[in-house]
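As structure tokens, the structure follows; a few thoughts come after it.
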Amino acid sequence: MPRKSAPAVSSVNAAAVPPDIHVPADFGARVVDWQRVHGRHDLPWQNTRDPYRIWLSEIMLQQTQVSAVIDYFQRFVAQLPTVQALAAAPADQVMALWAGLGYYSRARNLHRCAMQVVSDHGGRFPTDPAVLATLPGIGRSTAAAIAAFSAGVRSPILDGNVKRVFARFFGIHGHPGERVIESRMWGLAEAALPVPGPRQADDMVAYTQGLMDLGATVCSRGKPACLADALACPLSADCVARRDGLTATLPTPKPRAAVPERSTVMVMVRHGRDVLLQLRPDSGVWGGLWSLPEMPVATVPFDPELAEQEALGYARAFGEPSRADMAGELVHVFTHFRLLIRAIRVDMAALSLREPDSGPARRWLSLDDLDALGTPAPVRKLLEMQARGGLF
DNA sequence: AAACCGGGGGT
DNA sequence: ACCCCAGGTTT
């Protein structure tokens with residue numbers, strides 16, 4: 001008896017399941033069985049094979065939780081019960097029905113999609129996920145959901161809930177938004193589908209809904225139900241995150257955007273115990289505080305010699321400098337960037353009678369009287385170090 | 001205030 | 001083909 005050949009794996013996006021990841025043969029069956037007992041069965045878009053209602057609910061659910069969608073869904077299908085009615089409706093009516101749901105570009109796509117289904121597909125939704133995904137507002141995951149619910153097509157979904165379930169169950173580290181992680185998950189999603197059987201269509205409905213329900217109600221972001229009761233989840237027995245205590249760390253959160261690093265060169269013009277400060281503009285960082293003068297110096301690559309020369313040049317506006325030396329470096333961390341401060345100390349042999357009267361307000365401050373002025377924390381630190389006479 | 005989210009759109 | 005955004009809500 002010739003065996004049926006294995007179903008062709010779609011070559012596009014076919015990510016092999018890494019050899020170290022094992023997909024239990026009964027993964028799908030466990031989800032299916034769990035859904036039939038513990039999943040949701042009475043949502044207004046369930047218990048139908050009407051692709052119009054299924055599609056509409058999937059689009060609404062892309063952005064809003066079930067509880068908020070229900071009323072909108074009911075109103076929408078009451079007024080526009082078919083894809084033909086929607087396609088023929090004026091945009092104003094569609095937007096009015098959507099008003100309050102947010103993400104209005106999706107409402108516009110919804111309308112366009114309806115018109116396209118009517119004009120290009122004879123008013124009947126395709127059942128092939130690849131074809132569905134060509135329609136406006138329908139991506140790969142939504143296409144699979146529509147195909148599964150409306151026609152029992154065996155095709156994997158991968159929404160945020162499923163990504164969380166997979167990251168935890170298979171112990172996948174790395175942010176799911178990353179290309180490699182996401183494509184690995186699509187591979188797993190394919191591999192984890194229920195094995196084809198006599199009840200494939202029904203199984204796919206239960207499986208697809210089951211993954212959604214599991215992610216939404218049991219394998220939640222904050223407190224997965226398995227922590228209190230392992231039996232709450234049909235996957236808990238061999239869930240990697242549960243086994244290793246990683247439910248709090250998986251899925252890996254989006255990496256904090258690398259804080260940009262800026263650098264600046266500050267000059268400490270010293271005359272005896274006095275140091276020259278200047279007033280910062282009211283707006284911007286450290287607005288209205290007295291700070292050290294900063295020099296517009298090329299800092300990449302940083303050349304200490306050059307910076308010292310420039311510091312000397314700067315100081316000549318105030319008298320006769322005797323020497324300039326690197327005094328140290330200091331990193332100050334803001335919320336939105338790191339500032340590398342390089343400080344150059346310039347000692348004045350003599351001050352000129354008249355200082356420049358243009359530029360920001362300036363004054364001398366004694367290192368023994370640092371409390372007299374408000375200075376930015378890192379500048380204060382630099383000054384305190386000077387006061388103690390030390391380097392850094 | 002920061003993460004999250006499926007798809008679209010820009011490069 | 002890849003990266004990033006828009007536009008909301010949730011934590």
Please enumerate all protein N or O atoms sitting under 3.5 Å from an N or O of nucleotides 9-11 of chain C, with distances to 0.1 Å.
unit_1 : atom_1 : unit_2  : atom_2 : d
C:dT10 : OP1    : A:Gln65 : OE1    : 3.3
C:dT10 : OP1    : A:Gln65 : NE2    : 3.3

Would you tabulate the pairs of protein nitrogen or oxygen atoms and nucleotide nitrogen or oxygen atoms of nucleotides 2-5 of chain C closer than 3.5 angstrom?
none

Polar atom pairs between nucleotides 8-11 of chain B and protein, under 3.5 Å, N or O only, would you list them?
unit_1 : atom_1 : unit_2   : atom_2 : d
B:dG8  : OP1    : A:Gly137 : N      : 2.2

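One interatomic measurement links the two molecules: CH2 of A:Trp55 to P of B:dG7, which rounds to 14 Å at whole-angstrom precision. Across the protein-nucleic acid pair, A:His175 atom NE2 and B:dC4 atom C1' stand 8 Å apart, rounded to whole Å. Taking atom OH of residue A:Tyr104 and atom P of nucleotide C:dG7, one finds them 12 Å apart after rounding to whole Å. Taking atom CG of A:Leu110 as the reference point, atom P of B:dG7 lies 14 Å away to the nearest angstrom. Rounded to whole angstrom, the span from the NZ atom of A:Lys254 across to the C1' atom of B:dA2 amounts to 10 Å. Rounded to an integer number of Å, the gap from A:Arg140 CZ to B:dC5 C1' is 17 Å.
Ion pairing between A:Arg323 and A:Glu308 fails under the 4.0 Å rule for side-chain N and carboxylate O. Between A:Arg36 and A:Asp203 there is a salt bridge, since a side-chain N of the basic residue sits under 4.0 Å from a carboxylate O of the acidic one. Using a cut-off of 4.0 Å between Lys/Arg side-chain N and Asp/Glu carboxylate O, A:Arg380 and A:Asp371 are scored as salt-bridged. Between A:Arg280 and A:Glu294 a salt bridge is recorded (basic side-chain N to carboxylate O distance below 4.0 Å).
Annotation: A:Arg49, atom CZ; neighbour count of heavy atoms from other residues, nucleotides and ligands within 6.0 Å is above 12.
Separation of atoms CG (A:Leu312) and CD (A:Glu310) is listed at 10.5 Å; rounding is to 0.5 Å. The distance from atom OG1 of A:Thr127 to atom CG of A:Leu132, rounded to the nearest 0.5 Å, is 7.5 Å.
Taking the six-membered ring where the residue is Trp, A:Phe125 and A:Tyr52 present tilted rings, their angle falling between 30° and 60°.
With a 4.5 Å cut-off on side-chain heavy atoms, A:Leu86 and A:Val94 count as touching. Residues A:Met348 and A:Asp274 have side chains not in contact (no heavy-atom distance under 4.5 Å, counting atoms from C-beta outward).
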Report summary line: Applying the Watson-Crick and G-U criteria (both distances under 3.5 angstrom) with [ ] for crossing and | for other-strand pairs, one obtains for DNA chain B |||||.|||||
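If you chain together hydrophobic residues whose side chains sit under 4.5 Å apart, A:Val180 and A:Ile21 fall into the same group.
Remark: A:Ser141 is not in phosphate contact with B:dG7, judged by side-chain N or O atoms under 4.0 Å from OP1 or OP2.
With sequence neighbours excluded, the residues satisfying ring pair (Phe, Tyr, Trp, His ring centres under 6.0 Å) with A:Phe318 are A:Tyr314. Residues meeting the salt bridge (Lys or Arg N to Asp or Glu O under 4.0 Å) test with A:Asp229, sequence neighbours left out: none.
Of the listed nucleotides (B:dG7, B:dC4, B:dC5), B:dC5 has the atom at the smallest distance from the side chain of A:Arg164.
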